[in-house]
Number of protein chains: 2
Amino acid sequence: MTIHPRNEFSSMAAGAALALPIPGFPGPVQPTSLYPTGSEIYAQGELADSLYQIDFGCVRVYRLLADGRRQISAFHLSGEIFGFESGNTHHFFAEAIGATGVRVLRPGPGMEISQAILPLALQGLVRAQEHLLVLGRQNAAERVAAFLLDMADRQGGLECFDLPMSRSDIGDYLGLTIETVSRVFSKLKEKGIIRLPNLRSVEVVKWQTLRNLSE
Amino acid sequence: MTIHPRNEFSSMAAGAALALPIPGFPGPVQPTSLYPTGSEIYAQGELADSLYQIDFGCVRVYRLLADGRRQISAFHLSGEIFGFESGNTHHFFAEAIGATGVRVLRPGPGMEISQAILPLALQGLVRAQEHLLVLGRQNAAERVAAFLLDMADRQGGLECFDLPMSRSDIGDYLGLTIETVSRVFSKLKEKGIIRLPNLRSVEVVKWQTLRNLSE
DNA sequence: CGAGATCTTGATCTGACTCAAGAGTCGTGG
DNA sequence: CCACGACTCTTGAGTCAGATCAAGATCTCG
């Protein structure tokens, strides 16, 4: 297992870009802030009073054990909204993977935000519960297949797509070591199921085989 | 791994009891229905237009793989509300564990249910994401310890509490086999951390040791 | 071009799974 | 009340998928 010391690199988001209104969201919308590679967006224990929408880039949301073991509970891509919490403090860490533009959605006091965000929160709940099945009951190949299909799907279903995150991130999302992730990638490539044009992108050749793998 | 063939036993909930209003819930409240041991409350793919509140008993919510592998995503105890879904169909199965009284909360058409249930949905989201850490990064002893602490906490923190579910259910919740669950229970007993007055209840003797185990 | 990350691959180890058998528990009916 | 049968749970022995440990290879970017 890779150990991840708590990231000390503070966010210092450089202001940027123009504000786009979010459909159905009632609060004031902030302009996009740029988070550099690896910078923290929020930390466990911090006050949670906003939601975040990604303009470009990718975010990892995770939790740590005392000894540094890490579990990434979700990756969020361009357009997605994250930062839902129960109570008013964050239960997780969120960090930018690569340079990422994030827009903060801060509901005004007494604002009725729930109607707009409930479907998003519920979608997150269903996704997390579906990921439990992957972590609890699927083997390494099935986990990687499910991950690739999910990433492809969320990037529009194109045969070739980006993997903005490292093997270490993928391992910590799938509950595997980086070595096991790497071995499964190699095996899938060797069987002609995927191609790896470079380290950070994947081309799916045999969709059905991949789907069968993830069951 | 234990294989669970799809439960064919249909729900046939016998009507019962009196209606108690749920604070903050705007829709009409149904009287309690009794679900016998093992009966289905809803199935994956069914129309999802209600929430459910438990009067007494316990419910398991789970998903199945094609070959019968099962992952229980949550147990719900007396007083708790479950059945949150994204879209209008169920993504999971829900079954009564033992005889269980469930009250159906059916929001009227166009009803503003979100304000009342958002905090509950978010709590479910946080719990599911925290459980991801258990399944992805903790070993068998840590998983069982976390489970026992959670069950104790949700039953009021008493030193002695019920385990309404079987070892098989616990295994399918923690991503372990029943044999491994049983071995960890035996080991905890042998070390004097817990006592097992009978198969379906636990007494925690050394809380701090258990907490240290779950990290 | 070079240094540090990141990734891949190989060899070995181990925690949890599988298979198997026995013990305990519960409900039913004689 | 006890005997029987069917579960459920526990325990043991052996196996295996994925972790760990250890080199190398490749990529990135100043």
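The shown structure was predicted, so the numbers you read here are calculated from the model rather than taken from an experiment.
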Subject >> Under-4.0 Å salt bridge between B:Arg63 and B:Asp172 >> reply: no

**OP:** May I have the distance from B:Ile178 (atom CD1) to C:dA16 (atom P), rounded to whole angstrom?
**Re:** 16 Å

Original post:
OP1, OP2 of D:dT10 versus side-chain N and O of B:Ser186: anything below 4.0 Å?
Top reply: no

What are the atom names and distances for every N/O pair under 3.5 Å that joins the protein to nucleotides 19-29 of chain C?
residue	atom	partner	partner atom	Å
C:dC19	N4	B:Glu179	OE2	3.1

Subject >> Difference in axis direction between the ends of the helix from C:dC1-D:dG30 to C:dG30-D:dC1, five pairs, 10° >> reply: 50°

**OP:** Please confirm whether A:Tyr42 and A:Tyr52 have ring centers closer than 6.0 angstrom.
**Re:** yes

Subject >> Residue pair B:Thr209, B:Asn212: steps toward the side chain to side chain donor-acceptor pair (under 3.5 Å) verdict >> reply: CA-CA 5 Å; B:Thr209 312; B:Asn212 292 342; 5.6 Å; no

**OP:** Using a strict 4.0 Å threshold on nitrogen-to-oxygen distance, state whether A:Glu203 and A:Lys189 make a salt bridge.
**Re:** no

Original post:
Do A:Arg167 and A:Asp169 touch side chain to side chain, with heavy atoms closer than 4.5 Å?
Top reply: no

Original post:
Are B:His90 and B:Glu85 close enough that a side-chain donor and a side-chain acceptor fall under 3.5 Å?
Top reply: yes

**OP:** Find out whether B:Arg195 and B:Leu188 are in side-chain contact, i.e. whether some heavy atom of one side chain is under 4.5 Å from a heavy atom of the other.
**Re:** no

Original post:
Does B:Thr177 place a side-chain N or O at less than 4.0 Å from the phosphate oxygens OP1/OP2 of C:dC17?
Top reply: yes

Original post:
Where along residues 190-197 of chain A does a heavy atom come under 4.0 Å from DNA chain D, residue by residue in number order?
Top reply: none

**OP:** Please confirm whether B:Tyr173 and B:Phe75 have ring centers closer than 6.0 angstrom.
**Re:** yes

Original post:
For C:dC7, does either OP1 or OP2 sit under 4.0 Å from a side-chain N or O belonging to A:Ser168?
Top reply: no

Original post:
With nearest nucleotides of DNA chain D determined for B:Thr180 and A:Arg200 from heavy-atom distances, which residue corresponds to the more 5′ nucleotide?
Top reply: B:Thr180

